[in-house]
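Just so you know, these numbers use all the heavy atoms, side chains as well, and skip hydrogens, waters and symmetry mates. Numbers restart at 1 for each chain; the letters A, B, ... are given by sequence-line order, proteins then strands.
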Amino acid sequence: MSKFKRYTVTAALPYANGPLHIGHLAGCYLPADIYVRYLRSNGELVKFICGSDEHGVPITIKAKKEGTTPQKVVDKYHKIMGDAFDEFGISFDIYARTSSKIHHKTATEFFNTLYQKGVFKEEITEQYFDEKANQFLADRYIVGTCPKCANENAYGDQCESCGSTLNATDLINPKSTFSGEKPILKKTKNWFLPLDTLQPQIDAYIDSHKEWKTNVLGQCKSWLSSGLQPRAMTRDLDWGVKVPIEGVEGKVLYVWFDAPIGYISATKEFFNTSKEINNTNEGDGANLISNLKPHEKEEWELYWKDKETKLVHFIGKDNIVFHCIIFPAMLMAEGSYILPEAVPANEFLNLEGNKISTSRNWAVWLHEYLLEFTNKQDALRYTLCANAPETKDNDFTWKDFQAKNNNELVAILGNFINRTLVLTHKYYDGKVPEALEFIKADILLLKELSKFPEKISSSIKQYRFREALAELMNLARLGNKFLADNEPWIIIKTDKNRVQTIMNLSLQIVANLTILMEPFLPFTSKKLATMINLNNNLKWNDATRTDLLLPGHQINPSSLLFEKVEDEIIDSQILKLNNSKIDNQSEINKSNILLNKNEDASPIVINFKNEAKADISFDDFNKMDIRVGTILEAERVPKTDKLMKLLIDTGIDKRTVVSGIAAYYKPEEIIGQKVSILVNLAPRKIKNIESQGMILMAENSNGELCFVEPSKLNINNGASIK
RNA sequence: UGCGGGGUGGAGCAGUUGGUAGCUCGUUGGGCUCAUAACCCAAAGGUCAUCGGUUCGAGUCCGGUCCCCGCUACCA
């Protein structure tokens, strides 16, 4: 079938600081599971590896915030995530965790190997340190002014305005996002992976994979073309895998060094565990391989170091460079490992038109879905696969979920199976009739039928799961058409022999569907196999057969495989989402901090609005020259949402001020408006207009603005405010 | 404002290396009644955002313009 003898398939380690939502499933775990189930169905040797990613700064922050320990945080989410995967039928061979002993050991050894080979560049650098929080600051937790484009909210690792990759020390006027304080520079030693010197090898590696998806290649190439930089593989932090160098304290491995090694340690753990299982019982089939291999001790290595193993990483688009560049670089530097053969990264799934957000509770949580839609895992699997963000971001809507469930799963697939089984019970008491004479239509049907396994295979192998699923549905459509064209319920009155053949063939289609749907709809497949009493050891290639159900074979009583989802259910889900939108509005003023490793930066709020800012001296206050003024002219600044250009009479002069009030006031309404104006604020160009001062505005919790003006009319322009 | 992704029949999408424009849903008409008012057939409906270029031929390649979405920016 291919040049590979076995497969190591990994799915991105989810970060253990929150539960899982549909975006996780659609983007990564579901396609991976479909792929793996397909491989198993083909009899391939495959290990499907995943686990919780439990280190890194955000978890320590969450623990601090909740007044608990990082270990308790990860214990909680490891359980929640593991259960959710299990209940959705994501068929990992192992779901491990990076806080485990074996992981720490593996990561430590990996680091040591590189260390002893002299791979790392050791460098003492000055890192920012937040004295108030008593910790070094990861780049992401420092904001400041970008040296390249003057954006004042650039992060320490990257300026999102101009896209440049930065070092935190490049930032002008840095601030800690924990305390808002200016951090101090402190010397610290770290170990860098020299991506720059490894670049030629990485270039060659990426070049050898022209077949990768365009989104993946595009991102890799943009990294490579701008030149790779050495990247620190250690961090100053307590939570994580300790840097295994003598005399080094308070340092751990960088979470992106540690996490992909989690795939390796999980594989080891799988083989260790299955050895124990095999000692106590016969194994359940999944572990058969371990029984057969003589070199049990090194079994895991076959999955990581043998050229005949195909390593495939399923990830979301946010992980591309780590899996395509940094992890391969680590593996190259180590020397004994194979490299990823494919990295089918998906884009993101949106929900009802908005980006899914953990912190804003804009999500369909898997654990909640399981409670609200019992035994409907396959309905969600179906919708998410049919709508998977394979080539671009896609949108999940509840209406679409309902439509796909009702019009496709129920009406096409479920209905075909149901009418076939009902007729079989009705005419033959559930015994498979013998096919007698084939007419032309039957031959055509059989010919069509035989094409499906290959068609679906081909799509899956190219990671085109939407297409594969559509083909599966086409087989059910073929079945419906066959029944409609041949009308056994009419012919039964005139030609009983013909009906036998029709029903036999329809039943063979049902049996084929059972096999072919398994990667996509495993729960339904299992249910259906029981219903038609089908041997469950059948493999993918058996799906070309037309004798899966032999004449006289007794099928069991049938029941419906899918049920309709009614409007009220959908309405209540939409309502629930709207409520969380409303909740967000009231939450928005509470302090918030970046909690998700990869989440967008918007939740960061540096000014904790409900708390007073730090004390200042009277002198500090006295530096400000605030006056009463009057607006003489006002006009919108073109091509902006919020900006208004104002001409102000300050009593001392007339000056131009640009102010962000356009959302709340119309220019003509505010001519003559008395305002408070800070007149000695350094001028600044905004949209190429020099703004010479700042209008003071009061802002309520909804972000609405209003002017601050003197309460007596005889206070004239130029009156000072103190 | 910059970056990214898009603009294909009412809706959501597919269109691989340029060669008669497809799919699912919806609509309309018909058939069937075994089936969860499900299924099957047929029809209507698109100058593939727009302008220009390359070509024997462009949804597909090149350039310009407009519009939409996401992120980002502007609030001094």
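Under a 4.0 Å N-O distance rule, the pair Asp442(A)/Arg498(A) qualifies as a salt bridge. Salt bridge status for Asp429(A) with Lys431(A): absent, with no side-chain N to carboxylate O gap under 4.0 Å. Of the charged side-chain nitrogens involved, none lies within less than 4.0 Å of a carboxylate oxygen, so that Glu454(A) and Lys451(A) do not count as a salt-bridged pair.
Across A21(B) and G15(B), the matching C1' atoms stand 9 Å from one another, rounded to whole Å. Spacing of C1' atoms, U54(B) relative to C13(B), comes out at 30 Å, to the nearest Å. Atom name P, nucleotides G10(B) and U55(B): the rounded distance is 35 Å, in whole Å. Taking atom C1' in both C25(B) and A14(B), one finds a spacing of 15 Å when rounded to whole Å. Between U20(B) and C48(B), the distance separating the two C1' atoms is 15 Å to the nearest Å.
Contact annotation: Lys481(A) does not reach the phosphate of C39(B) (side-chain N/O to OP1 or OP2, under 4.0 Å).
Cation-pi geometry between Lys526(A) and Phe523(A) is not satisfied (NZ or CZ under 6.0 Å from the ring centre, within 45° of the ring normal).
Residue-level contact check: Glu467(A) touches neither bases nor backbone, having no heavy atom under 4.0 Å from any strand. Within the nucleic acid shown, Val657(A) has no heavy atom closer than 4.0 Å to any nucleic acid atom.
The line from CG of Asn497(A) to CD of Glu434(A) is 10.0 Å long, rounded to the nearest 0.5 Å.
Counting heavy atoms from C-beta outward, Gln508(A) and Leu549(A) have side chains that approach closer than 4.5 Å.
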So which protein N/O to nucleotides 34-38 of chain B N/O distances come out below 3.5 Å?
{"residue": "C34(B)", "atom": "O2", "partner": "Arg419(A)", "partner atom": "NE", "Å": "3.2"}
{"residue": "C34(B)", "atom": "N3", "partner": "Arg419(A)", "partner atom": "NE", "Å": "3.3"}
{"residue": "C34(B)", "atom": "N3", "partner": "Arg419(A)", "partner atom": "NH2", "Å": "2.5"}
{"residue": "C34(B)", "atom": "N4", "partner": "Arg419(A)", "partner atom": "NH2", "Å": "2.9"}
{"residue": "A35(B)", "atom": "O3'", "partner": "Asn418(A)", "partner atom": "OD1", "Å": "3.3"}
{"residue": "A35(B)", "atom": "O2'", "partner": "Asn415(A)", "partner atom": "OD1", "Å": "2.6"}
{"residue": "A35(B)", "atom": "O2'", "partner": "Asn418(A)", "partner atom": "OD1", "Å": "3.4"}
{"residue": "A35(B)", "atom": "N1", "partner": "Arg419(A)", "partner atom": "NH2", "Å": "3.3"}
{"residue": "A35(B)", "atom": "N3", "partner": "Asn415(A)", "partner atom": "ND2", "Å": "3.4"}
{"residue": "A35(B)", "atom": "N3", "partner": "Arg419(A)", "partner atom": "NE", "Å": "3.1"}
{"residue": "U36(B)", "atom": "N3", "partner": "Phe562(A)", "partner atom": "O", "Å": "2.7"}
{"residue": "U36(B)", "atom": "O4", "partner": "Phe562(A)", "partner atom": "N", "Å": "3.3"}
{"residue": "U36(B)", "atom": "O4", "partner": "Phe562(A)", "partner atom": "O", "Å": "2.5"}
{"residue": "A38(B)", "atom": "OP1", "partner": "Lys564(A)", "partner atom": "NZ", "Å": "3.0"}
{"residue": "A38(B)", "atom": "O2'", "partner": "Ala411(A)", "partner atom": "O", "Å": "3.2"}
{"residue": "A38(B)", "atom": "O2'", "partner": "Asn415(A)", "partner atom": "ND2", "Å": "2.9"}

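Between the CD1 atom of Ile661(A) and the P atom of C74(B) there is a distance of 17 Å, rounded to whole Å.
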